[in-house]
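Okay, so here's the structure we're looking at.
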Amino acid sequence: MDFGASFDEESDNQCDKEEEQMHCVRKVTDDLYWVGANDKRLALFENIHPIPRGTSYNAYLLLDEQTVLFDTADWSVCRQFLDNVEYVLNGRTLDYLVINHMEPDHGASIEEILLRYPDVKVICSVKAEVFMKQFGFDASFVETVKEGDVKSFGKHQVTFVMAPMVHWPEAMVTFDTTAGILFSADAFGSFGSLDGKLFADEVDFDRDWLDDARRYYTNIVGKYGPQVQNLLKKAAGLDIKYICPLHGPVWRENLGYFIDKYDKWSRYEPEEKGVLIAYASMYGNTECAANILAAKLCEKGLTNVALYDVSNTHVSYLIAEVFKYSHMALLSVTYNLGVFPVMANFLEDMAALNLQNRTAAVVCNGSWAPQAGPKLVEAVGKMKNTTILNDVLTITSSLNGDTCAQLEQLADVICESVKGE
């Protein structure tokens, strides 16, 4: 097979016609290829976060004087991944495997690479070598690298940048100084299957990807904002032309747009002035209060409002939304003299992911001992730089004229706060 002809301009964006059932690769640059795979069967990422659009496992193969594979893929797509690697190599051997991240959704296929290419040299961080052994992988040659180390593969020269806790301790990113390509590991990733559209500029990103990218960052990396900030500071000194993450689309245009999102998220700064209303209701009375509050806010001109029932919305979506908006209103029925369990779970996740710099309003309901309010205030009050706008608005069983008037007043307070920031 004439390998060069397989990637002419006419076929650059599609699988090779003769073997399209086996191989589907994309060209990133003249000598760098995406050899990953998509998984649309997986229902839960990390067995917890719903991914209705699936996910991609990105790996990249460089054809220089020496061949270099940047990361591998999850076991579920191993066959497709290996076929893609073999196809792009087209008879050449694999000289190097660079491991930026050892988490099994990217590292599970390492052993298969070692078996198929026994002379391959592995490059990774010191901690990644430890993790390789813990996962039972035995490479015959491992070269560990540290911050600032440089490696040449021929025309391409790369430098290694340590990125501990973004979001595992062994993580690093690799920067190809020749082509300006940042292999960013889990940074700048997103939920969602690529469906043949490798580049962010091939889609309407705000429409098709932003929500998944936000939900990916906030739930997977969100706890580690300071570490992401450290990585962004290092990246600021690099002349980046491409960002190649391990999940989601590759960036080659308007990189500053997505970097700005990461900067805001990792500083825990809201993307937008608006209000997330999250409610926990058993029989509809607290739900009614949430709907009235939303309507009052909109009547007063504050229409950037999102309303969620925490009982039928997965907490990963709630986390993404609370990172997005400047304000939140939390309404909970009392349950076992505390906060309703799913609302309590939401609060625990906010704390675990280090949410801060927000403004909150609190409403509680209870028929004989409405105790959810103080518990909500206590949990929110522990979040750094978080302001609670109101004394707890307490509903006893159902709304009445007095509590409806208090909801009106609360809507005024929230509007003034949002507009005054």
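All heavy atoms count here, side chains included; hydrogens, waters and symmetry mates do not.
Taking 4.0 Å as the cut-off between side-chain N and carboxylate O, Glu202 and Arg26 count as a salt-bridged pair. Remark: Arg215 does not engage Glu321 in a salt bridge, criterion side-chain N to carboxylate O under 4.0 Å. Under a 4.0 Å N-O distance rule, the pair Asp208/Lys197 does not qualify as a salt bridge. Here Glu271 pairs with Lys261 in a salt bridge; the nearest charged N to carboxylate O distance falls below 4.0 Å. One finds a salt bridge joining Asp260 and Lys264 here, because a Lys/Arg side-chain nitrogen approaches an Asp/Glu carboxylate oxygen to under 4.0 Å.
In this structure, Thr313 contributes its side chain and Asp309 its backbone to a donor-acceptor pair below 3.5 Å. No donor-acceptor pair closer than 3.5 Å links the side chain of Tyr96 to the backbone N or O of Phe70. Looking at Glu170, its side chain does come within 3.5 Å of a backbone N or O of Met102 through a donor-acceptor pair.
Ring-centre distance between Phe45 and His247: below the 6.0 Å cut-off. Aromatic ring centres of Phe183 and Phe175 lie farther apart than the 6.0 Å criterion allows. Under the 6.0 Å cut-off for aromatic ring centres, Trp168 and Phe131 qualify, their centroids lying closer than that. Taking the six-membered ring for Trp and the full ring otherwise, the centers of Tyr317 and Tyr308 sit at least 6.0 Å from each other. Not less than 6.0 angstrom separates the ring centroid of Tyr60 from the ring centroid of Tyr33. For Trp251 and Phe205, the ring centers sit closer than 6.0 Å to each other.
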* **Derivation and outcome, salt bridge (Lys or Arg N to Asp or Glu O under 4.0 Å), residues Lys151 and Asp149** => CA-CA 7 Å; Lys151 186 81 175 178; Asp149 282 353; over 6 Å; no
* Trace of the salt bridge (Lys or Arg N to Asp or Glu O under 4.0 Å) decision for Asp95 with Lys121 -> CA-CA 6 Å; Asp95 297 308; Lys121 302 174 182 65; 5.6 Å; no
* Stepwise salt bridge (Lys or Arg N to Asp or Glu O under 4.0 Å) test for Asp195 and Lys40 -> CA-CA 9 Å; Asp195 298 339; Lys40 296 177 83 73; 3.1 Å; yes
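The shortest side-chain heavy-atom distance between Glu272 and Asn304 falls under the 4.5 Å cut-off. Residues Leu32 and Ile181 form a side-chain contact, since some pair of their non-hydrogen atoms from C-beta on lies under 4.5 Å apart. Side-chain atoms of Ile113 and Leu82, non-hydrogen and from C-beta on, do get closer than 4.5 Å to each other. Residues Leu231 and Val173 form a side-chain contact, since some pair of their non-hydrogen atoms from C-beta on lies under 4.5 Å apart. Side-chain contact check for Asn291 versus Ile277: every heavy-atom pair is 4.5 Å or farther apart. Met350 is listed as a side-chain neighbour of Ile319, based on a closest heavy-atom distance under 4.5 Å. Using a 4.5 Å heavy-atom cutoff, the side chains of Val161 and Met172 are not in contact. At least one side-chain heavy atom of Leu376 sits under 4.5 Å from a side-chain heavy atom of Ser332.
Asp39 and Thr55 form no side-chain donor-acceptor contact under 3.5 Å, judged by distance and modelled atom types alone. When only modelled atom types and interatomic distance are considered, Thr174 and Asn100 share a side-chain donor-acceptor pair under 3.5 Å. For the residue pair Asp71 / His106, no side-chain donor-acceptor distance below 3.5 Å is found, with atom types taken as modelled. Between Gln356 and Tyr268, the side chains place no donor N or O within less than 3.5 Å of an acceptor N or O (distance only, hydrogens not considered).
Ring-plane geometry between Trp265 and Phe258 is classed as perpendicular, the angle between the planes exceeding 60 degrees on a 0 to 90 degree scale with a lower cut at 30.
For OH of Tyr283, the number of neighbouring non-hydrogen atoms (other residues, nucleotides, ligands) closer than 6.0 Å is 12 at most. Annotation: Glu86, atom CD; neighbour count of heavy atoms from other residues, nucleotides and ligands within 6.0 Å does not exceed 12.
Within the model, atoms CH2 of Trp209 and CZ of Arg53 stand 4.5 Å from one another, a figure rounded to the nearest 0.5 Å. In this structure, CG on Leu355 lies 11.0 Å from CG on Asp349, to the nearest 0.5 angstrom.
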